[in-house]
**Student:** 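Take a look at this one; I'll ask things after.
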Amino acid sequence: MDTLPTTKRGGGGRSKPVPTSKSSLVMAFFSCVAWLYVAGRLWQDAENRNVLAGLLKKNSAQRPKFLTVEDKLMVLGCRDLERRIVEAEMELTLAKSQGYLKGQGQKSASSDRRLLAVIGVYTGFGSRLKRNVFRGSWMPRGDALKKLEERGVVIRFVIGRSANRGDSLDRNIDAENRSTKDFLILEGHEEAQEELPKKVKTFFSTAVQNWDADFYVKVDDSIDIDLEGLIELLDHRRGQDGAYIGCMKSGEVISEDGKPWYEPDWWKFGDEKSYFRHAAGSLVIISKNLAQYININSASLKTYAFDDTSLGSWMMGIQATYIDDSRLCCSSIRQDKVCSLA
């Protein structure tokens, strides 16, 4: 009979150990690294908290928990100093507008007292014959012009410079001025018809820097002046600040290009397209403080197509007193007029 095979066990035999996989070892290594990283971060965060707590405690111990009277006075002192700086800057700007600048030398012979008025008569390069007519009629010349200044009234023809600086146009004006000494030449202004709105701004700015007067008067060269009547009018208003005097009116804004009196900025005047009230015509008077305002804000004042509406727009935003005087409506024929068409 066949027998089943049997396994023989030796007394000293051992079984072989099951080998450990490599992936298990790798996982165990990374677990140790991760544990060390987390432990390091926790330790570092704890140190940072301790440092911050120490700094806060130190600062809180050095700084008072409430403002003392001295602290409040210091804050108020800083505010007061800031206010005084702003006031000083405004006073400096005002001083500049009044002519307190180095190199501004043209002053009237009556510089020890304020003049009544500075009258600027607009003129152009081709208007010499018209200037000579004025010098022989209402406008004094020579010694008579100097005597008028002693009464407190300065009159000057106002003109800019040629687009071709230094050409024959400029030289002719310089030669005429050396002979007559009755020009105010606006060195920074280019004389041109389209530049008239800028000319009125430059004239008032220059005049208020050069002469200390109660009034500044802009006159076109298309009218004749009753000079004594104008002086009487100004003398009656002497000492009145904020005076904006002229023949007041408003009118339609022309929006069609090519038509007379076309206004390129017509769309700014609303649906009705009507100008605001302003001193129109050929003779406008403003008081000293208004001329100073123009001088100080000259760089930012907007000009429109015409000088009278430009000046009127500048008066709208300030405390100007509008004075409508029919004697300054030069186109009307009446005996009591200060001015009339030439």
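In what follows, residues are counted from 1 in the order of the sequence shown. All values below come from the heavy atoms of this structure, side chains included, with hydrogens, waters and symmetry mates left out.
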**Student:** Set out, in order, the CA-CA distance, both residues' side-chain angles and the distance that settles disulfide (SG to SG under 2.5 Å) for C330 and C247, then state yes or no.
**Tutor:** CA-CA 8 Å; C330 307; C247 181; over 6 Å; no
**Student:** Give me the atom names and distance for the closest heavy-atom approach of L301 to K201.
**Tutor:**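 For L301 and K201, the tightest heavy-atom pair comes out as O-NZ, 3.1 Å.
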**Student:** Between the side chains of D214 and R237, is the shortest nitrogen-to-carboxylate-oxygen separation below 4.0 Å, so that they form an ion pair?
**Tutor:**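 Salt bridge between R237 and D214, a charged N being under 4.0 Å from a carboxylate O: no.
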**Student:** Under 6.0 Å from the CD atom of E187, do we count more than 12 heavy atoms belonging to anything else shown?
**Tutor:**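 Yes.
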**Student:** I'd like to know whether CD of Q319 has more than 12 heavy-atom contacts from other residues, nucleotides or ligands below 6.0 angstrom.
**Tutor:**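 Counting other residues, nucleotides and ligands, CD of Q319 stays at 12 neighbours or fewer.
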**Student:** Does K288 qualify as a cation-pi partner of Y216, given the criterion of NZ or CZ under 6.0 Å from the six-membered ring centre and within 45 degrees of its axis?
**Tutor:**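 Judged by the rule (NZ or CZ under 6.0 Å from the ring centre, within 45° of its axis), K288 is not positioned above Y216.
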**Student:** Counting only heavy atoms from other residues, nucleotides and ligands, does the tally under 6.0 Å from CD of Q240 exceed 12?
**Tutor:**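 Yes, CD of Q240 has more than 12 neighbouring heavy atoms, counting only those of other groups under 6.0 Å.
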**Student:** Can you tell me if S127 uses its side chain to pair, donor with acceptor, with the backbone of T123 under 3.5 Å?
**Tutor:**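 No, because the side chain of S127 does not come within donor-acceptor range (under 3.5 Å) of the backbone of T123.
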**Student:** Ion pair present between E176 and R171, side-chain N to carboxylate O less than 4.0 angstrom?
**Tutor:**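 Result for this pair is no, no salt bridge flagged.
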**Student:** Which heavy atom of I225 sits nearest a heavy atom of C339, and at what distance?
**Tutor:**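 Nearest heavy atoms, I225 then C339: CD1-CB, 3.9 Å.
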**Student:** Less than 4.0 Å between a side-chain N and a carboxylate O, is that true for E150 and K147?
**Tutor:**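 Judged by the 4.0 Å cut-off on N to carboxylate O distance, K147 and E150 do not form a salt bridge.
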**Student:** Do K337 and D226 meet the salt-bridge criterion of a basic N to acidic O distance under 4.0 Å?
**Tutor:**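 Result for this pair is no, no salt bridge flagged.
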**Student:** Main chain of M248, side chain of D324: is a donor-acceptor contact present, judged purely on distance under 3.5 Å?
**Tutor:**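 Yes; judged by distance alone, with no hydrogens or angles, the pair exists.
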**Student:** Please round to the nearest 0.5 Å and tell me the distance separating atom CD1 of I323 and atom CD1 of I285.
**Tutor:**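 Spacing of CD1 (I323) from CD1 (I285) equals 8.5 Å.
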**Student:** Between G242 and N289, what is the shortest heavy-atom contact and its length?
**Tutor:**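 Closest approach of G242 to N289, heavy atoms only: N-OD1, 2.9 Å.
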**Student:** Can a cation-pi geometry be assigned to K302 and Y304, taking NZ or CZ under 6.0 Å from the six-membered ring centre and within 45° of the ring axis?
**Tutor:**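 Relative to the ring axis of Y304, which defines the angle, K302 lies inside both limits.
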**Student:** Please confirm whether the backbone N or O of H278 pairs with a side-chain atom of K249, one donor and one acceptor, at under 3.5 Å?
**Tutor:**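 Here the side-chain-to-backbone pair does not exist.
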**Student:** So do L148 and I155 actually touch side chain to side chain, heavy atoms under 4.5 Å?
**Tutor:**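 Yes, their side chains come closer than 4.5 Å.
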**Student:** Are any of the side-chain nitrogens in R135 or D182 under 4.0 Å away from the carboxylate oxygens of its partner?
**Tutor:**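 A salt bridge links R135 with D182.
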**Student:** Nearest 0.5 Å please: distance from the CD1 atom of I223 over to the CG atom of L328.
**Tutor:**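 Answer rounded to 0.5 Å: 9.0 Å.
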**Student:** Do the rings of Y122 and F203 sit parallel, tilted or perpendicular, given the 30° and 60° boundaries?
**Tutor:**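 Ring orientation of Y122 relative to F203: perpendicular.
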**Student:** Do you know which two heavy atoms are closest between I119 and V153, and how far apart they sit?
**Tutor:**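 In this case the closest contact between I119 and V153 is CD1-CG1, 3.9 Å.
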**Student:** Any chance you could measure T202, atom OG1, to H189, atom NE2, to the nearest 0.5 Å?
**Tutor:**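 Reported value, rounded in 0.5 Å steps: 6.0 Å.
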**Student:** side-chain contact (heavy atoms from CB on, under 4.5 Å), that's the test. Do F204 and I286 meet it? Break it down for me.
**Tutor:** CA-CA 9 Å; F204 284 126; I286 62 174; 3.6 Å; yes
**Student:** If you apply the rule side-chain contact (heavy atoms from CB on, under 4.5 Å), what do you find for Y244 with L311, and how did you get there?
**Tutor:** CA-CA 10 Å; Y244 175 39; L311 179 59; 4.1 Å; yes
**Student:** Less than 4.0 angstrom from a charged side-chain N to a carboxylate O is my criterion; do R161 and D174 meet it?
**Tutor:**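 Salt bridge between R161 and D174, a charged N being under 4.0 Å from a carboxylate O: yes.
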**Student:** Check for a donor-acceptor pair, side chain of S298 on one end and backbone N or O of N295 on the other, with a separation under 3.5 Å.
**Tutor:**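 Not a single qualifying donor-acceptor pair exists.
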**Student:** With a 4.5 Å cut-off on side-chain heavy atoms, are D220 and L283 touching?
**Tutor:**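 They are not in side-chain contact.
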**Student:** When rounded to the nearest 0.5 angstrom, what is the spacing between CD in E232 and CG in L227?
**Tutor:**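 Interatomic distance, E232 CD to L227 CG, rounded to 0.5 Å: 12.0 Å.
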**Student:** Has D307 got a side-chain atom pairing as donor or acceptor with L196's backbone, closer than 3.5 angstrom?
**Tutor:**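 Judged by distance alone, no pair lies under 3.5 Å.
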**Student:** With distance as the sole criterion, is a donor-acceptor pair present between the side chains of S162 and D167 under 3.5 Å?
**Tutor:**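 Indeed, the side chains of S162 and D167 share at least one donor-acceptor pair under 3.5 Å.
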**Student:** Could you check whether D143 pairs with R141 (Lys NZ or Arg NE/NH1/NH2 to Asp/Glu carboxylate O, under 4.0 Å)?
**Tutor:**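 Looking at D143 and R141, the cut-off is not met.
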**Student:** Output, in order, the C-alpha distance, side-chain angles, deciding distance and verdict of side-chain contact (heavy atoms from CB on, under 4.5 Å) for L184 and F157.
**Tutor:** CA-CA 6 Å; L184 172 60; F157 288 110; over 6 Å; no
**Student:** Please report the shortest heavy-atom distance between I173 and R131, naming the atom on each side.
**Tutor:**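 What the structure gives for the nearest pair is CD1-NH2, 3.8 Å.
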**Student:** For K198 and E195, indicate whether the former's side chain and the latter's backbone hold a donor-acceptor pair under 3.5 Å.
**Tutor:**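 Not confirmed, K198 side chain does not pair with E195 backbone.
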**Student:** Return the CG to OG distance between L341 and S282, rounded to the nearest 0.5 Å.
**Tutor:**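 One finds 7.0 Å between CG of L341 and OG of S282.
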**Student:** For A243, does its backbone N or O pair with a side-chain atom of S287 as donor and acceptor, under 3.5 Å?
**Tutor:**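 Here the side-chain-to-backbone pair exists.
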**Student:** Are R156 and L145 packed together at the side-chain level, in the sense that at least one heavy-atom pair is separated by less than 4.5 angstrom?
**Tutor:**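 Yes; the side chains approach each other to less than 4.5 Å.
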**Student:** Identify the heavy atoms of A117 and L234 that sit nearest to each other, and give their distance.
**Tutor:**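 The pair with the smallest heavy-atom distance is CB-CD1, 3.5 Å.
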**Student:** Evaluate the side-chain proximity of R165 to D170: yes if any heavy-atom separation is below 4.5 Å, no if none is.
**Tutor:**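 With C-beta onward as the side chain, the pair touches.
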**Student:** Walk me through whether E191 and K199 qualify under salt bridge (charged side-chain N to carboxylate O under 4.0 Å, His left out).
**Tutor:** CA-CA 8 Å; E191 187 66 32; K199 184 174 182 178; 3.0 Å; yes
**Student:** Test V121 against F134 for side-chain contact (heavy atoms from CB on, under 4.5 Å), laying out the working first.
**Tutor:** CA-CA 10 Å; V121 184; F134 286 174; 4.2 Å; yes
**Student:** From I245 CD1 over to T321 OG1, what is the distance, rounded to the nearest 0.5 angstrom?
**Tutor:**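 Result: 9.5 Å between the selected atoms.
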**Student:** Under a 3.5 Å distance rule, please check whether N297 uses its side chain to pair with a backbone N or O of Y293 as donor and acceptor.
**Tutor:**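 Answer holds: yes.
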**Student:** Going through the distances and angles, do E228 and R151 end up as a salt bridge (charged side-chain N to carboxylate O under 4.0 Å, His left out)?
**Tutor:** CA-CA 12 Å; E228 291 300 323; R151 291 178 58 191; 3.1 Å; yes
**Student:** Should F183 and I159 count as side-chain neighbours, where that means a heavy-atom distance under 4.5 Å?
**Tutor:**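 Counting from C-beta outward, F183 and I159 do come under 4.5 Å.
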